[in-house]
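Numbered from 1 within each chain, the chains take letters A, B, ... in sequence-line order.
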Amino acid sequence: MNNKGFDAQKIEKKWQDWWRENQTYRTENQVAGKENFYALSEFAYPSGNLHVGHWYAFAVPDIYARFKRMQGYNVLYPMGFDAFGLPAENAAIKRDLDPNKWTYENMDYMKKQLTSMGASFDWSRTLATCDPSYYRWTQWMFARFFENGLVYRDVTKVNWCEHDKTILANEQVVAGACERCGNQVIQKDMPQWMMKITDFADALVDDLEKLPWDDSIKQAQREWVGRKEGSLIPFTIRETETYDVNTGPGDDAFREGQPIVERDNVVVIIEHPDKDEFLCAKWKQVDWQGFVTGGIDEGKTPEETALEEVREETGYQNPEIVQAYDRSSHGLFWHVVKEQNRKANYRIVHVKLKDLEREESSAEEQAIAEFVWVPRAEVNDFLKREDMRYPWRVVSGEDTLDQVQVFTTRADTLFGATYLVLAPEHTLVTSLKNRIANSDELDAYLTEVSKKSDLDRQQSKEKNGVELKGVEAVNPATGQPIPIWIGDYVLPNVGTGAVMAVPAHDERDCEFALKYDLPFRFVVLPSAGPVGNSRQLITTGENAFILSAGATEEKGQSQINAEWNAMYDLLGECADGYLPKGKRFSCTFEGKLINSPDFNTQTSEDARRNITDVVSGALTTTYRIRDWGISRQRYWGCPIPVVYDPEGTPHLVPDEHLPWLLPEDVDHTPDGTAPLARSEELKKRTEEIFGKGWTPEVDTMDTFVDSSWYFYRYLDNQNEDVFASKEAIDAWMPVSMYFGGAEHTTMHLLYSRFWVKALYRLGLVSHDEPYQGRLNRGLILGPDGNKMSKSKGNVIDPDEVVSHVGADTVRMYLAFIGPFNEPGSYPWDPNGVVGIRRFLERFWRLSEHIVDTESDQVTSALHKTILKVTDDIDRLKLNTAISTLMIFVNDAEKAGGISKNSYEILARLIAPFAPHLVEEWWQTAGGYDTSVHLADWPVADTSLIMNESTTIGIQINGKVRAEIIVSDDEDEDTLRDRVMALPEVVKWTEGKEVKKFIYIPGKAISLVIV
RNA sequence: GCCGGAGUGGCGGAAUUGGUAGACGCGUGCGACUCAAAAUCGCAUGUCUUCGGGCGUGUGGGUUCAAGUCCCACCUCCGGCACCA
């Protein structure tokens, strides 16, 4: 291929050498009359070999950097190496090498490969994060952060990768697995150094507003920070006095032959209408022993049964329900225990008499029991007797054990909170342990939970839990006691690790409540959406009644209407909001409050604030993001500049001892302990400087620390006094355009933003965002459309392609493969590469057709091309810029030639894409002795653009039927006459009436006929 | 499930504000040059067609003289978050 057209190999070598010798791309911090432009590509890990992804990451942005340079900017486009990290260490372990040597050899080799791209890197500014002259400043910044409380040491649960034998940051754990090696990550308690990124959580979200980045990047960062507005609601916790049921001879169940086992019964507590007294049955030898009881018949509610029992057994005719307790109690009859050991289920119903109107009870009833009024205090004493246990709670109000804060985003549903769920890890679970009646059950559950990995726990959606018997919480809005559960669906580090469960308005609580038969209270009437009741209402639950409401309808709007109507009907039936069995569901929409005294008809939004206020809660914000743990138990990383005194207190290594060097006498084999702990030299060094008994920190830093500030060091990489001078920083920062991979959106990009904000807070820099522009590039796939991988055998070796078609072709092909400003994935097409090579050859051959005078059409087309190419490169739509250049070259060929001046302009337009080839023409045939890359970018002369006529389509009833050439100055009437005379138009309009004639100059003519 | 983004020929993709859908490149077909092949050049290339035209930008509706583009509903794919309270 090289024997025809141009010799890429020769040309490229020649100009790469020339550029180096002439320092063409050396960049000064300031150039008079030029604005600075900092174009940055995420630096490379020195893996030892350049792949197509590197070309895409570095060579394509280089086109942009060259373009900006020609446009008159003073452009910095630097390159360096992110040189600490696991691969070096793994290679070292595997092949018994020195990671330092391995890394530096790779960097040398890769520098050569990078040069072969023809990129305009200023190599005088390069850096390597593993170089002591670099990491000295990483350590220096760590020290400043330490002094200002931005880094601290803490023992926390950490993500531990068994394979890599190191801690991982939350950001490095993907779906419970190690982001690097894919092995499962386990939780371990370990001391580690933490960066206080949470201090900047708000700024990391809010400051996104002022950045013109793609919304997907900003959104991903927002979600990562996970800021949520909500309320902290305090719930008091108290001891529940739960008693087994004792009944006397008045109980149905006591009578011979009654089916007691598995029978549902009520115990009725009867309150006096005026006095604080309760009606108790008087039995046999004792003054009184119990309350009215009765069996619940099939189809009756406990309430109905209770009212009936009161009327029948006591004769009082107007009882009124105060409260029905939902929890049933498994009672043992005190007297039956001895004889038959029978059991029954009890529901307790508390009624109050409206008046003392009384019918005489039957003789039979009177024979069994007569009734006496007993003062509350006396009843309470009775209930507390060891041998006399009743399921009725004694209300005393003085038994507050503790308080628990619950975080919720839906304080408006507080009246619907019918139970509380704590994470198994919640501290309250331990502190309440001795109060809990069912601690065996609890222990068994806790053991089971601890066996589950975090991954298992989050993957199994089957909810389960255990009630903490013996304690209960009080719903601060209703004042009602509610049970407390623990459940592993509540995660310890989300919110406060405690949830107020509102089954009627939360899907997860609904599932849990259905499983354990907990009450549903509906307190928010959903509002119709902006377009009416267009949304499906039910999220989950026993919604058969609702489904059947719309069963005859087709799925769609009428089904949805039926759902809403069924809900309204149901809510009309249950005035207190408690949903009956079989009709329990959850609806998470916001709306207006119901069943919430004092707050009814308020909107969810208002109620959240007002309810929070009334229950002495607090509006608050929570975040998903956690502090950044940076300790790594690995060798090849930046040493943490900390030593411990004999008491174990950490101290910074003073600045004069920086760089705090990475020891070399270390066996790198990972065994779960830090390799640095095995260094005699480090131990000795520490004792010599600080004294006997002092020990060094042996963990190294996460490599994301190294890369959090590297863009400063390019600006002033030789400076030995500061990480970069203020002048250099102010000249270049923030980075004008940062090119990188989408995979770094929630890691490097977030960390470095944090880092800069921290430096800003400490007054070390004068800007609080590192990157003005940001572009996530796409992915180059193999020719088969799959991700390139050795196992699939679809890996493209750029060196090999370059040896066939040259670097210019490869660069330009990558720019042509798809829009660089959209992070799509583009398959590598070997034939597509050939197409670009053909184009470059046509451009090359066009230089043999230089004529003295070219046609006006060519001149006009050239200037149009300038406009379009300039605009496209500016928007990083390099693919269409190239297609525009192709069109022009094709046209110029056909037009028979091009003037030298025009060819020079064309050459400059192509120069960023094919820097070697254009330089070759420019400095040989073109006759220049300075680089084309330092030439000015062409500016279009619009006066040379011929634009007097355009061909536009004629639509008849919306269909294009003809076309016509129109000059810009033609008036509408003459145009109309010409249009109507066209044979193609006549064909369609003959015998029809033309109702409308629309002319949009330069765009369309539209006729409406009938 | 929620939040982003995207669905256009055989393929990558183009159409910047609603105005001739498919630019440009690849592939394919035919032709020229050649003893032949490669390379190069030229022509054609959405689809159906009774050669009048019909149909075409994920699906179904709608707005408009005009819709890939705007509105409503849905489907699929990609990315982020996810038992997040």
Side-chain angles (χ1 to χ4, degrees), chain A residues 1 3-5 175 214-224 226 228 230 406-410 413 421 423 457-463 487-491 493-502 506-509 511-512 531 534 539 556-557 588 622-624 742-743 745-746 776 781 785 813 816-819 822-836 838-839 841-842 845 868 871-872 875 877 879-887 890 893 951-963 987 995-998 1000-1009:
Chain A
M1 198 179 281
N3 53 357
K4 282 247 173 186
D214 193 87
D215 210 51
S216 61
I217 305 173
K218 296 207 250 182
Q219 194 55 28
Q221 293 217 348
R222 277 186 210 111
E223 270 164 24
W224 190 267
K228 278 206 181 66
V406 161
F407 176 78
T408 178
T409 54
R410 293 296 303 274
T413 63
V421 192
R457 191 160 151 188
Q458 287 185 26
Q459 271 178 350
S460 83
K461 303 280 175 184
E462 173 71 26
K463 292 178 184 51
D488 67 356
Y489 81 96
V490 177
L491 304 174
N493 40 23
V494 176
T496 57
V499 175
M500 62 175 225
V502 186
D506 182 283
E507 258 184 81
R508 293 148 302 159
D509 299 339
E511 261 178 67
F512 192 81
V531 285
S534 62
T539 32
Q557 189 56 49
T588 56
T622 60
Y623 303 87
R624 199 191 86 97
E743 69 276 16
T745 302
T746 52
N776 280 1
L781 306 175
Y813 172 66
F816 187 63
I817 199 166
E822 285 171 31
S825 15
Y826 310 105
W828 177 275
D829 176 5
N831 290 315
V833 179
V834 175
I836 293 291
R838 279 206 275 260
F839 165 73
E841 277 171 11
R842 288 163 90 146
R845 276 201 307 272
K868 170 87 172 134
D871 187 43
D872 281 352
R875 292 184 298 133
K877 291 219 58 174
N879 53 338
T880 50
I882 293 169
S883 96
T884 306
L885 290 166
M886 286 172 167
I887 293 167
N890 289 347
E893 252 176 11
T951 305
I952 61 177
I954 301 168
Q955 297 175 29
I956 298 172
N957 281 355
K959 293 232 152 47
V960 178
R961 300 296 185 184
E963 53 183 36
K987 193 169 101 189
K995 285 193 72 178
K996 261 188 190 173
F997 180 88
I998 297 162
I1000 290 115
K1003 295 204 167 158
I1005 295 166
S1006 190
L1007 299 181
V1008 186
I1009 60 170

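In summary, Asp871(A) and Arg875(A) engage in a salt bridge, as defined by a charged side-chain N under 4.0 Å from a carboxylate O.
The interatomic distance linking Trp224(A) (CH2) with rA82(B) (C1') rounds to 12 Å, in whole Å. When the C1' atom of rA82(B) is taken as reference, atom CG of Asp506(A) falls 13 Å away, rounded to whole Å. Straight-line distance from the CD atom of Glu893(A) to the C1' atom of rU40(B): 11 Å, rounded to whole Å. Between the P atom of rA66(B) and the CD1 atom of Ile956(A) lies a distance of 14 Å, rounded to the nearest Å. Nucleotide rG4(B) holds its P atom 10 Å from the CZ atom of Arg222(A), rounded to whole Å. Here rG5(B) presents its P atom at 13 Å from CD1 of Ile217(A), a figure rounded to the nearest Å. Taking atom CE of Met500(A) as the reference point, atom C1' of rC84(B) lies 15 Å away to the nearest angstrom. In this structure, Glu223(A) atom CD and rA82(B) atom P are separated by 9 Å, rounded to whole Å.
Separating the P atom of rU17(B) from that of rC26(B) is a span of 29 Å, rounded to the nearest Å. Comparing rC70(B) with rU63(B), their C1' atoms are spaced 8 Å from each other, to the whole Å. Taking the P atom of each, rU59(B) and rC11(B) are spaced 15 Å apart, rounded to whole Å.
Put simply, the side chain of Lys228(A) and the base of rC84(B) share no donor and acceptor less than 3.5 Å apart.
Rounding to the nearest 0.5 angstrom, the gap separating the NZ atom in Lys228(A) from the CZ atom in Phe407(A) is 7.5 Å. In this structure, Arg222(A) CZ and Thr746(A) OG1 are separated by 14.5 Å, a value rounded to the nearest 0.5 Å.
Judged by the 6.0 Å distance and 45° axis criteria, Lys463(A) is positioned over the aromatic ring of Tyr489(A).
In textbook terms, a nucleotide whose glycosidic angle is within 90° of 0 is syn, and rG9(B) is one such case. In this structure, rG52(B) is classed as syn because its glycosidic torsion stays within 90° of zero.
Distances shorter than 4.0 Å separate some side-chain N or O of Lys996(A) from OP1 or OP2 on rC65(B). Contact annotation: Arg410(A) does not reach the phosphate of rC84(B) (side-chain N/O to OP1 or OP2, under 4.0 Å).
For the pair Arg842(A) and Glu893(A), the minimum side-chain heavy-atom distance is below 4.5 Å.
Without hydrogens or angle criteria, Asn957(A) side chain to Ile1009(A) main chain gives a donor-acceptor distance under 3.5 Å.
For the 3.5 Å distance criterion, the side chains of Thr745(A) and Asn776(A) qualify, holding a donor opposite an acceptor.
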* **Protein proximity profile, nucleotides 8-31 of chain B - base contact B, sugar-phosphate-only contact S, no contact -, cut-off 4.0 Å on heavy atoms** => ----BSSSB--BBS-BBSSS----

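Across all strands shown, rC30(B) is found opposite rG42(B) as a Watson-Crick or G-U wobble partner, with both distances under 3.5 Å.
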